[in-house]
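Each remark here refers to the structure printed beneath this line.
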Amino acid sequence: MSKGSVEPENKEALKNFITQEIEKDLQEGKNGGAVLTRFPPEPNGYLHIGHAKSICLNFGLAQQFGGKTNLRFDDTNPVKEDVEYVDSIMEDIRWLGFEWEGEPKYASDYFDQLYEWAVMLIKKGKAYVDHQSAEEIAAQKGTPTEPGQESPYRNRTVEENLELFEKMKNGEFEEGECVLRAKIDMASPNMHLRDPLMYRIIKKEHHRTGDKWCIYPMYDFAHGQSDFIEGITHSICTLEFEVHRPLYNWFLEQIIEDMDPKPTVVPRQIEFARLNLNYTVMSKRKLLELVENNYVDGWDDPRMPTISGLRRRGYTPESIRDFADRIGVAKRDGIIDVALLEHCVRDDLNKTAPRVYAVLDPVKLIITNYPEGKVEMMVAVNNPEDESMGTREIPFSREIYIEKDDFMIDPPKKFFRLAPGKEVRLKNAYIIKCEDYKQDENGEVTEIYCTYDPDTRSGMEGSKRKVKGTLHWVSVEQSIPAEVRLYDRLFSDEDPNGHDGVDFKEFLNPDSLKIVKTARLEPNLKDVKPLDKFQFQRLGYFCVDKTSSEDNLVFNRTVPLKDTWAKMAKKK
RNA sequence: UGUCCCAUGGUGUAAUGGUAGCACUACAGAUUUUGGUUCUGUCAGUCAAGGUUCGAAUCCUUGUGGGACAACCA
């Protein structure tokens, strides 16, 4: 994977309220002109498109201002975290095209320092060990509109607190028996300042520190300091952490108070609105629920909004970065239309994906005046948008398959395809005319009979004739079979979370996956590899699935082509 | 009946006291050996009321609407 592979030099500088704030800081000479951002995931699930927004933002900001970006795992809760997630997160970030500065960092790297700071706070009389239960503490917390009450343990002596905290660390208390709390203000209108928890006892092995600790810092006591330790200049995070900011600042003030000399870099937190996409859910908890209950085929199911799911679906890193740029950054939350994401991937694939012929739902078409046993190799352009992609040859013969949809016995007015007595062009081959057809007892068309005009082979003078419709096709004899998975949105409702009292799973789209086993492909596709991407001409963009093999080709539909005909038909 | 944040076309985002622009969507047309792409056009917006100002989307006040905050989660 290349380093910092997003080409910052020819990318237009992004402008939003965060870049403006950073520019201001730079102008004021803050942080010695440095910009260091960070992407701080908790390794408790797979990354999704919302994280992609944050990744593109954090890495993009640094690139734009000549800075760097750290990757730091916020691994302060061993109960939920796992190395499987660490690995997937690193893979996804690299796949998106970003490379973090130095080694990946971990909040757990700072556990010793955090412990020292906790002790320091105790010594200052700004932290105490509380022996109440979680319920009691919650009951005293008050509500957003009422102040809380002080814990009976709030005024223990420094010595006592020091001793008790030491015992907590040494495992002399059971989980839940006591916690370390900051002593701030139980009446603060900001709930986060009402003596927040700093440490709790968790007797579980940590994925990095093993059994060294049985007390773990809360996120709020770890995050701001971790940024501080790393010298992060701008801590970019989502809106819900806005109310935490005064707490982070409080902790840092306590620490900095005792420092001499004073630090040159103190992180500045700036919050932005998280990404919401319609027709999907974005919370890790809900995505995990879909995975664990097998509503989908794992975290990388192509219907999932996860980065691994989008990758398997056939999305490109370029298209996701483009999407992140287009949605912008602001403080007001909203819902982005998935149509924009789809636009971005079509836009990219249109320029890069080779065009090929695939017939998903075949019906046999026999060209009655074409010699039996004859095979002609037809030349086709691989990508009309990119001449450098060259041409290829496709076998043509007397019997071909076309799409069932491309023939109608009794077509409506604007049907530009094949019908009895009508002419149509077979792309890169001949103009044919439908003479007859055969139906089975159910009225299903089983065979179509046509004649071709030998002077209309593509490239010949006769081929210049105007014909309204152009069809894709494959030769019966030479075509190869494949399985094609047609994906649609996972939810049929625009906002599956937006219905009070109705579980989001109620809106799961029963037609989100259709498996087509009848597909026939041009023979050039026999050696494709997972993640190879193509445009199936006239149908859409497709990507080879990870389960595909030489004897059993499997393609995922990334996104269909825009289809004005289908739209017209739907209206009627 | 608290604190904080937010409010621009259907959606998202610009305009930072001086002509409300861009993208997506939708619709119409041109081109087309993909009903794709490309090109052109159309519809459509400053939450409300006051105030400051020659001039307000922008500043102030009030209201309205939306969101966040009461995990030993992050």
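Chain identifiers are assigned alphabetically (A, B, ...) following the order of the sequence lines, protein sequences preceding nucleic acid strands; residue numbering begins at 1 within each chain.
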If the [atom1] atom of [N] is compared with that of [M], how far apart are they to the nearest Å?
| N | M | atom1 | result |
| --- | --- | --- | --- |
| B/U8 | B/A15 | C1' | 10 Å |
| B/G21 | B/G29 | P | 26 Å |
| B/U52 | B/U61 | P | 15 Å |
| B/U11 | B/A48 | P | 15 Å |
| B/A14 | B/C22 | P | 15 Å |
| B/A57 | B/A49 | C1' | 16 Å |
| B/U53 | B/G10 | P | 34 Å |
| B/A20 | B/C24 | P | 23 Å |

Using a strict cut-off of less than 4.0 Å between a Lys/Arg side-chain nitrogen and an Asp/Glu carboxylate oxygen, indicate whether A/D25 and A/R268 qualify as a salt bridge.
yes
Does a side-chain N-to-carboxylate-O contact under 4.0 Å join A/K286 and A/E289?
no
Would you call the rings of A/Y216 and A/F111 parallel, tilted or perpendicular if under 30° counts as parallel and over 60° as perpendicular?
perpendicular
Taking the six-membered ring of A/Y401 as reference, does the cationic atom of A/R520 (NZ for Lys, CZ for Arg) lie under 6.0 Å from its centre and within 45° of its axis?
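Because its charged atom misses either the 6.0 Å distance or the 45° angle limit, A/R520 does not stack over A/Y401.
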With a cut-off of under 6.0 Å to the ring centre and 45° to the axis, is A/K169 in cation-pi contact with A/Y115?
yes
Pair A/H51, A/D92: side-chain N/O donor-acceptor within cut-off below 3.5 Å:
no
Does the side chain of A/D227 pick up a donor-acceptor pair with the side chain of A/Y248 at under 3.5 Å?
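Per modelled atom types, A/D227 and A/Y248 side chains form no pair under 3.5 Å.
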Contact residues, residues 180-188 of chain A to RNA chain B [heavy atom, < 4.0 Å]:
none
What residues in residues 129-139 of chain A put a non-hydrogen atom under 4.0 Å from any atom of RNA chain B?
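Under 4.0 Å from RNA chain B: A/Q132, A/S133, A/A134.
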Atom-pair distance ([atom1] on [X]; [atom2] on [N]), nearest Å:
| X | N | atom1 | atom2 | answer |
| --- | --- | --- | --- | --- |
| A/K80 | B/C73 | NZ | P | 7 Å |
| A/R194 | B/C69 | CZ | P | 15 Å |
| A/N497 | B/G66 | CG | C1' | 17 Å |
| A/N44 | B/A71 | CG | C1' | 14 Å |
| A/M198 | B/C73 | CE | P | 16 Å |
| A/Q269 | B/A68 | CD | C1' | 13 Å |
| A/H207 | B/A74 | NE2 | P | 12 Å |
| A/R72 | B/A74 | CZ | C1' | 12 Å |

Go along nucleotides 2-14 of chain B 5' to 3' and tag each nucleotide: B for a protein heavy atom under 4.0 Å from its base, S when only backbone or sugar atoms are that close, - otherwise.
BS-SSSB--SSBS
Letter per nucleotide, 5' to 3', of nucleotides 32-40 of chain B [B base touched, S only sugar-phosphate touched, - untouched; heavy atoms, 4.0 Å]
SBBBBS---
For nucleotides 62-64 of chain B, give me every protein contact, N/O to N/O, under 3.5 Å, one pair per line with atom names.
none

Going through the distances and angles, do A/L471 and A/E403 end up as a side-chain contact (heavy atoms from CB on, under 4.5 Å)?
CA-CA 8 Å; A/L471 306 187; A/E403 216 67 63; over 6 Å; no
[X]: what forms a ring-ring contact (aromatic ring centres under 6.0 Å, His included) with it, not counting sequence neighbours?
| X | result |
| --- | --- |
| A/F416 | none |
| A/Y85 | A/Y46 |
| A/F173 | A/H131 |

Salt bridge (Lys or Arg N to Asp or Glu O under 4.0 Å) partner of A/E230, chosen from A/R38, A/R72, A/K105:
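It is A/R72; the other options fail the test.
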Please classify the nucleic acid contact of A/F241 as base, sugar-phosphate, or nothing, using heavy-atom distances under 4.0 Å.
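Base, at least one base atom sits under 4.0 Å.
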Contact class for A/H472 vs. all strands (heavy atom < 4.0 Å): base, sugar-phosphate, or nothing?
nothing
Please round to the nearest 0.5 Å and tell me the distance separating atom CG of A/D185 and atom CD of A/E150.
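If I round to the nearest 0.5 Å, the distance is 8.0 Å.
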Of all residues at least two apart in sequence or in a different chain, which pass the side chain to side chain donor-acceptor pair (under 3.5 Å) check with A/R346?
none
Can you list the residues that meet the side chain to side chain donor-acceptor pair (under 3.5 Å) rule with A/S151, with sequence neighbours excluded?
A/D130, A/Q132
If only side-chain N and O atoms of A/K567 are considered, is one of them under 4.0 Å from the OP1 or OP2 phosphate oxygen of B/A26?
yes
Full working for salt bridge (Lys or Arg N to Asp or Glu O under 4.0 Å) between A/R326 and A/D347:
CA-CA 13 Å; A/R326 288 183 194 237; A/D347 195 43; 3.7 Å; yes
Tell me, which pairs form a salt bridge (Lys or Arg N to Asp or Glu O under 4.0 Å) where one or both residues lie in residues 274-284 of chain A, sequence neighbours left out?
A/E240-A/R274
Start with the C-alpha gap between A/K203 and A/C214, add the side-chain angles, then the distance that decides, and say whether side-chain contact (heavy atoms from CB on, under 4.5 Å) holds.
CA-CA 5 Å; A/K203 296 193 171 170; A/C214 60; 4.1 Å; yes
After noting the C-alpha distance and the side-chain angles of A/Y452 and A/Y430, does the key distance pass the ring-ring contact (aromatic ring centres under 6.0 Å, His included) rule?
CA-CA 6 Å; A/Y452 84 118; A/Y430 294 96; 4.7 Å; yes
Is there side-chain contact between A/L252 and A/Q225, with at least one heavy-atom pair below 4.5 Å?
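With C-beta onward as the side chain, the pair touches.
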Dot-bracket for RNA chain B, please, read 5' to 3', with Watson-Crick or G-U wobble pairs under 3.5 Å on both distances, ( ) within the strand, [ ] crossing, | other strand, . unpaired.
.((((((..((((....[..)))).(((((.......)))))....(((((..]....))))))))))).....
